[in-house]
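All figures in this text were calculated on a predicted structure; none of them were measured in a lab.
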Amino acid sequence: AQSVTQPDIHITVSEGASLELRCNYSYGATPYLFWYVQSPGQGLQLLLKYFSGDTLVQGIKGFEAEFKRSQSSFNLRKPSVHWSDAAEYFCAVGAGGNEKLTFGTGTRLTIIP
Amino acid sequence: DAEITQSPRHKITETGRQVTLACHQTWNHNNMFWYRQDLGHGLRLIHYSYGVQDTNKGEVSDGYSVSRSNTEDLPLTLESAASSQTSVYFCASGSYNEQFFGPGTRLTVL
């Protein structure tokens, strides 16, 4: 069965600092991996996705993620966070955007001035 | 612009009542999904559909049903609402490249 683990429930970083959110997955075939962001009271917005090819993928809002098959990981990074990045971040795995997704439990990001 | 909408955005109901949450998309996607979001669980799949007249159970389908009579709509019905179904419900539709989410419906069952 497929699963996603986000080991950090809550992370606090200072504005301007770098960020890394961890995601580990278990999937029986070639994984399609996604990172979504959810602002308070809002729906989910796609940050980036990995389907194949270059293992370092770029997304919106200055985010990037690196797929490491050997570690079953797809960690999200940003070199310098902004106060507007405060939100909940979800990692998900599936067989494509048109297939059912399995989500992690999310990481809540707090930004301090 | 194409979009996916949900109604109502907020709903309070009583235990035992039947409740239907609406989901409408104008992306013309064949594939649609219902998830529920609960603290500590992330999003979990309730039901999904790959096209008209097709419905499938997800991870947490007990107490829920869906029907798909056209491409645009996938209503979610709670046959007899229970307090354990208090949650935020998200509808989504997907192309190969991306799954788009609605704004969510916050349901409270008293």
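Listed by chain and residue number, nothing satisfies the ring pair (Phe, Tyr, Trp, His ring centres under 6.0 Å) test with A/F90 (two or more places apart in sequence, or in another chain).
The environment of B/I12 atom CD1 is sparse: at most 12 non-hydrogen atoms of other residues, nucleotides or ligands sit within 6.0 angstrom. Other residues, nucleotides and ligands contribute more than 12 heavy atoms inside 6.0 Å of the CG atom of B/L110.
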Between chain B and chain A, which N or O donor and acceptor atoms come closer than 3.5 Å?
| unit_1 | atom_1 | unit_2 | atom_2 | d |
| --- | --- | --- | --- | --- |
| B/N31 | ND2 | A/N98 | O | 2.4 |
| B/Y35 | OH | A/L101 | N | 3.2 |
| B/Q37 | OE1 | A/Q38 | NE2 | 3.1 |
| B/Q37 | NE2 | A/Q38 | OE1 | 2.8 |
| B/Y48 | OH | A/K100 | NZ | 3.4 |
| B/Y50 | OH | A/E99 | OE1 | 2.5 |
| B/S95 | O | A/N98 | N | 2.8 |
| B/Y96 | O | A/G97 | N | 2.7 |
| B/Y96 | OH | A/Y32 | OH | 3.0 |
| B/Q99 | O | A/Y36 | OH | 2.9 |
| B/Q99 | NE2 | A/G97 | O | 2.8 |
| B/Q99 | NE2 | A/E99 | O | 3.0 |

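The contact between B/L45 and chain A is made entirely by side chain atoms (from C-beta outward), counting heavy-atom distances below 4.5 Å. The contact between A/L101 and chain B is made by backbone and side chain atoms together, counting heavy-atom distances below 4.5 Å.
Cluster annotation: B/V66 and B/F90 are assigned to distinct hydrophobic clusters (Ile/Leu/Val/Met/Phe/Trp/Tyr, side-chain heavy-atom contacts under 4.5 Å, transitive). Residues A/F63 and A/V4 fall within the same hydrophobic cluster, defined by Ile, Leu, Val, Met, Phe, Trp and Tyr side chains chained together at heavy-atom separations under 4.5 Å. Residues B/L43 and B/F33 share a single hydrophobic cluster, defined by chaining ILVMFWY side chains whose heavy atoms lie under 4.5 Å apart. The cluster map of Ile, Leu, Val, Met, Phe, Trp and Tyr, joined by side-chain heavy atoms under 4.5 Å apart, puts B/I46 and B/V19 in the same cluster.
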